[in-house]
Structures are given as structure tokens and as C-alpha cells.
Peer 1: 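Sending over a structure as C-alpha cells; questions will come in a sec.
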Amino acid sequence: MRAKILTFSFLLLNFASGQDATEKPKDLIKLCEVCTCSEIPEIDGTDLVFNIQCSELDRIENVPDLHKVEWPENPNGLKISAAFEGLGLSTLSKLPPNTQVVTLRFSNNAIKTYWPDPFSDVPNLKKLSFAQNDITEITPDLFTKIHALEDLDLSYNKLADFNSMDFKSLNHVRRLNLQSNQLKKIPVRALQPMTALEDLDLGKNGIFDVLLQRVDGDTMKGLKRLNLNGNRIRAVMKDSFPANNSIELLDMSNNIIEIIEPEAFATCTSLRELNLAQNNITFTFALPPTLQIAMLKLNTLYHWPTFPAGITYIDLSYNRLSELYDEIEARFDNLEVLNIAGNQINDLAIEKKLPKLFSLDISYNLFTKVPKSLSSQNFPNLEELRLDGNPMEFIYFKNIIAVKRLYVNELSKLVVVDDKAFSNVVGRGLDGADENCFSLFLSNCPHLSQIRDGAFDATSLCMLDLSKNNLTHLSKNLLDWSSVGEGVDLQHNPWHCNCDLQWLLDELLPQMYAEHSRLLAELRCGAPRAIEGLRLVHWYNWTEQAFCGDNYLQSGPHGTYMLQPSTDQGVPTISRLGIILGCCVIVALLIAIALSVYLVKSRKRYLVRQAALKRKRQSAYDERNGNGKEQFSALNKA
Ligand SMILES: *[C@@H]1O[C@H](CO)[C@@H](O)[C@H](O)[C@H]1NC(C)=O
Ligand SMILES: *[C@@H]1O[C@H](CO)[C@@H](O)[C@H](O)[C@H]1NC(C)=O
Ligand SMILES: *[C@@H]1O[C@H](CO)[C@@H](O)[C@H](O)[C@H]1NC(C)=O
Ligand SMILES: *[C@@H]1O[C@H](CO)[C@@H](O)[C@H](O)[C@H]1NC(C)=O
């Protein structure tokens, strides 16, 4: 009896659970069956996370029904990170409960609307991204019950404004990304609850003014990084930033700033990096004493701002400077990088040394010669020196200077590089190498047609770029070519391939072939006519002295290798091709003659046959209409 009841209840239970089991798979989407699930290390740590990746490649059906997803079993109790990306979602529905979900990404969908409180059952969410969707508005019921949220990405949506309650429960958000929306002003009221905010990205909106000082309470007091790049800001005023703010990195590049009040940054007492590149700033302003990095390129500054003593990086390129900084005032003891390219400076009268400078760029200014202040005495730690695009007619380093890389490209007035031009340049060797060599970039000088034998006397090069000049000849004695370990780029020059350049085939070419064959692709002869345009590698490994006498065509290579045999076999190929072509023409002619003879003959036969036929038909017709003529005459008579 008892056994019977048990069996009965067992059956009943089974029935009930069986029903359950048949209902579940029909309704619920088992994420790991349609998406990719894996246990991977966290991006910024070594802990494992349970990662669920659903993208357009997965076969998710019913994608709008996120409330029907079933979170996977997570046997190890790991944190869950889930991404539903590029699925075309337009509505966000409420997610089923889970306390282990910490990251959710809905990037690159078309989300416009959402159910109320979509995340209220995933209370431990820390990171949430809606990047690249169609959200135009946020309501206070979107971010409810996710107090733990630390990182919110709403970039690339269509948000134009916020209500003051939109973020009311997000007091732990540290990073907020609102880049590329349609904001016209900084949503100060809405940001008020975000008292932990450190990193705010408002780049690429339509914000036109910054007046943060009037903000009450602790809003933005903890902000460390503020990005306002690519907006429509016209002025920076003394009340632009909150009093005693903590901003360390401020990016206001690519706006239309014309006015900066002298004390505009006075409240930024922690500022380390300031980016004001690509604006319309003409007048100087005070920089905070904490500043280390100043990006001011692409403005219209006529004068040097006063930089604080801790400055390490200055980019003032493409402004209107016509003079060097005032040495009495400037404190550049910590300066490491100075870029003043693209100004109108013609003199570098430096007397005080820049002990830490390792990169100096004075390209595209008005220097007519290498400034004599460029010396190791003034720049004891220089590694990279750029002099490109200056109107120099000659190159001569008067004082000894040690560098790793020297750039003298695009010197449009340079015709000849004289003896001893680089004799005072000393190398520092490339990273890791001890040799005292430096790399020289002397390229793109359209009139440079000669480098005298002594130009590199007493120097040692790690790399030499002479490409895109107007050089026809290169002396074997210019350098110890075998020591230029990082390669010699001689491409795009109109080399005269005569006996004077034979050494290049014999010595330099094999070295380049072995180590830097990419530098051979455009190394071609510019003369004589017969071999113009041919690659020098064509003669690689030839037995005879190809460039001396008339040997271009007579000898052949040891090996069979050609870089690009189809174009580079030159004249021999042409004559062989000629023969083949000639044969073809003759054969074609013969065929044509035979054909025309045949055609003429058959045409004749055809004509003869036609004539006979016509005659036959005519006589038959005449016979049939024998009385026709009589009828006519009868009519005439009538
Ligand atoms: C800013 O900080 C200074 C000292 O750090 C303090 O004297 C001043 O009162 C502060 N001002 C505000 C508005 O908090
Ligand atoms: C920047 O200033 C220049 C003249 O100084 C002016 O021609 C240009 O239109 C200005 N640009 C903007 C965006 O205001
Ligand atoms: C390059 O040099 C040749 C002479 O070798 C000269 O005729 C030509 O004008 C030069 N080209 C330029 C752009 O200076
Ligand atoms: C070049 O010639 C040498 C013999 O002189 C031969 O050993 C070598 O394989 C050749 N290299 C090529 C690529 O043909």
C-alpha cells in the first residue's frame, strides 16, 4: 500500500517536473548554446571571469527577448561578464536575476527604448556599456538598483540632455563616457549624484561653454580626467573649472577656443597634462605650477607661454612663433621633449643647457643653416633631432653633437652635401647596441644631386636613408658601407648606372640583398637610356662587371633568382619576344592570304551559279506569262 502511494507520488512529481522540463527549453534561451562561453582571465587582473559573448556571428533568435535568457550554470561561482553586441537589439528588456553578473555590454545595437528597471535584478553590476546605440533620452528608471556601478559607457548615442534624476542612484560611478553624443552643455545637475566620478569623457559633442565653478556641492571635486575634445568651446574663463578641483588631465583640443583668461587654470591645482591643440589661441595665459605636459600645437600663438619648472613635454608646433623662448625666464631643467616645428623661427640662440632634453624638433621653420647652438654642451642627452623642411642651402654641424637619430628631410634648397657636413655628429648607438653610430634620414630633397666624398668623415652610421633625392652618383669612399648595419635606402634616385657605380653592385648590393632586400624594390637606374628604369638587383651576382663597358646584356647571373623576372629581364627578353611576335605575324598573314584566296574563289563560283539560276527562272517566267504582252497591246489599243 505504502509502496503504491510512493509510486503514485513519484509519478505525479515526475509528471510535474516533466512538464517543467518541456516548458523551459521552449521559452528560455540557454545562452551558452547560442553564444560563446568561456572562462578567461579578467582584463585588468589574473582572476578568471565567466565570459559570455553574443555577437552577430551567433545564431541568436528572439534577440529582443533578453528577459527570456537563462544565465548559464556557473559551477565555479565566477563573476559573469556578458556581451550582446551587434545583434540589432532595439529594445532592452529586463534581465533575469543574477548576482554574479558584473559586466554587461550592449555595444553596437540599435537600442532606443527599454523596459523599466532593466537591471534591477543584476544588483552587482559594475560595468555597463551602451556604446553605439540610438538612445535619445534617459529616464530615472533605467539605472535603478545598480548602486555598485563603477563604469558607464553611453558614447556614440543621440543624447542631447539629461534630467537631474537620471543618475540619482549611481554614486559609485568612477568612469562615465558620454563621447559623441549631442550635448550642448555639460550636464552638471545630472552628474551631481556621481560623487565618485574620476574620469569624464564629453568629447565630440556640441558643448560651447564650460562654467563649472558655479556647480554646488562636491560635484566633480574628485574628477581627475576631463575630456572636452572636439566640442564648440570658444572661451576658457577663470570660473570654468571648480574651485580646488583635482583635474590632472584636461583635454580641450580641437575646439574653437580664442580666449583664455590669464588665470583660467588657476583653480586647476593638480593639473599635469593640458591639451589645447587645434584651437585659435593667440594670447598666452598662465599655466598651473603642477603642469608637466603641454600640448599647444596648431594654434596661433605669437609668444611662448611661461611654463612651470616641472614641465617635461612641450608641443608648440604649428603656431606663429618667430623667436625662441626667453632664456632668462624659462626653466627647462626637466624638459624632455620640445617640438616647435612649423613656426617662423630662424635662430636658436641657446646658451643655457637643457640637461634632460632627448627630443628636439625644429623642422619647418626658417633656419637657413644648422644652428650652431646644436651641441652636446647645450643638449647633453639629445637622442632625436629633426631639422626637416628648413630653407637650408647647405648642411654643416659646427659643434659636436651626439644623437641617435638625425632627420634632415625635405630640404628643398639643398643641392650639394659638402665635405665634413656631418663630421661633428656623433652617434649614441641604437638601443641595445654599443656602437657609436647614428641613423641619418636625408630624404625627399628634390634638388640634392651630390654628396661629396668627405661628408661623413669621422662619423659612423647605423642607418642611412637617401631615398627620393636627385642623386646620380654615390662614392664608394663616402662611408664604411659594411658597417651601416640597419641598411641603406637609396631608392627613388636617378642613378647613373655606369662603371663608377660598379662598386655598388659588387659590394653594397650583396649586403643589402642579404639583410634588407625590401630596400631594393625601387632601387633603379635612371641612365643610360638603354637600361633606364631597370632595378639594380637585376645584375645581382653577375659574373662580369655589368656597368663597365657594354656588359649590361652580355653576361648572365650565377644563380637564377630575379626579384621580379617579368619586368626586369630587359633587352634579351625584348628580342626573344620580338621573334615570337614576328612568327605570329607571319603565320597570321599566311592564314589571311589562304582565307582570302578561298573566299574569292568561292564567291566566283557563287556568282556563276546565281547567274545560271536567274537565267533559268527568267525563262520559266517568260514561258508562264507568254500572253502577258498580248494583253498589254490589247489594252493599248482600247
Ligand atoms: C582651496 O584649497 C586651499 C588650500 O588647499 C584652501 O585654503 C581654500 O580654502 C580652498 N578653497 C575652496 C573653495 O575650497
Ligand atoms: C581662427 O582664427 C583665424 C584667424 O586668426 C580665422 O581665420 C579662423 O576662422 C578662426 N577659426 C575659427 C574656427 O574661429
Ligand atoms: C636633377 O639633376 C639633373 C642633373 O643630374 C638636373 O638636370 C635636374 O634639373 C635635377 N632635378 C631637379 C628637380 O633639381
Ligand atoms: C650568388 O653567387 C654565388 C656564387 O658566386 C652563389 O653561391 C649564390 O648562391 C648566388 N646567389 C643567388 C641568390 O643566386
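Just follow the structure's listing: the first ligand is 1, and inside any ligand the first atom is 1.
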Peer 1: Hey, does Asn470 come in under 3.5 Å of ligand 3, counting only N/O atoms on both sides?
Peer 2: yes

Peer 1: Is the ring centre of Tyr302 less than 6.0 Å from the ring centre of Phe283?
Peer 2: no

Peer 1: Indicate the ring-plane relationship of Trp539 and Trp542, choosing parallel, tilted or perpendicular according to the 30° and 60° boundaries.
Peer 2: perpendicular

Peer 1: Considering only protein heavy atoms, which is closest to atom 14 (O) of ligand 3, and at what distance to one decimal place?
Peer 2: His447 ND1, 2.6 Å

Peer 1: Would a 4.0 Å cut-off, counted as strictly less than, catch a protein heavy atom around atom 7 (O) of ligand 3?
Peer 2: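 Looking at atom 7 (O) of ligand 3, one finds that no protein heavy atom lies closer than 4.0 Å.
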
Peer 1: As an exercise, identify every atom of ligand 3 less than 4.0 angstrom from a heavy atom of Pro446.
Peer 2: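 Those of ligand 3 that fall under 4.0 Å from Pro446 are 12 (C), 13 (C), 14 (O).
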
Peer 1: Measure the distance from atom 5 (O) of ligand 3 to every protein heavy atom, then report the residue, atom name and distance (to 0.1 Å) of the closest one.
Peer 2: Thr472 CG2, 4.1 Å

Peer 1: Does the protein come close to atom 2 (O) of ligand 3 - that is, does one of its heavy atoms sit below 4.0 Å from that atom?
Peer 2: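 It does; a protein heavy atom is within 4.0 Å.
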
Peer 1: Quick one: sort the Phe422 and Phe456 rings into parallel, tilted or perpendicular, breaks at 30° and 60°.
Peer 2: parallel

Peer 1: Ring of Tyr407, cation from Arg386 - is the NZ or CZ under 6.0 Å from the centre and inside 45° of the axis?
Peer 2: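 Judged by the rule, Arg386 and Tyr407 form a cation-pi pair.
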
Peer 1: Just checking, is any N or O donor in the side chain of Ser253 or Asn229 under 3.5 Å from an acceptor N or O on the other one?
Peer 2: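 On atom types as modelled, these side chains qualify, holding a pair under 3.5 Å.
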
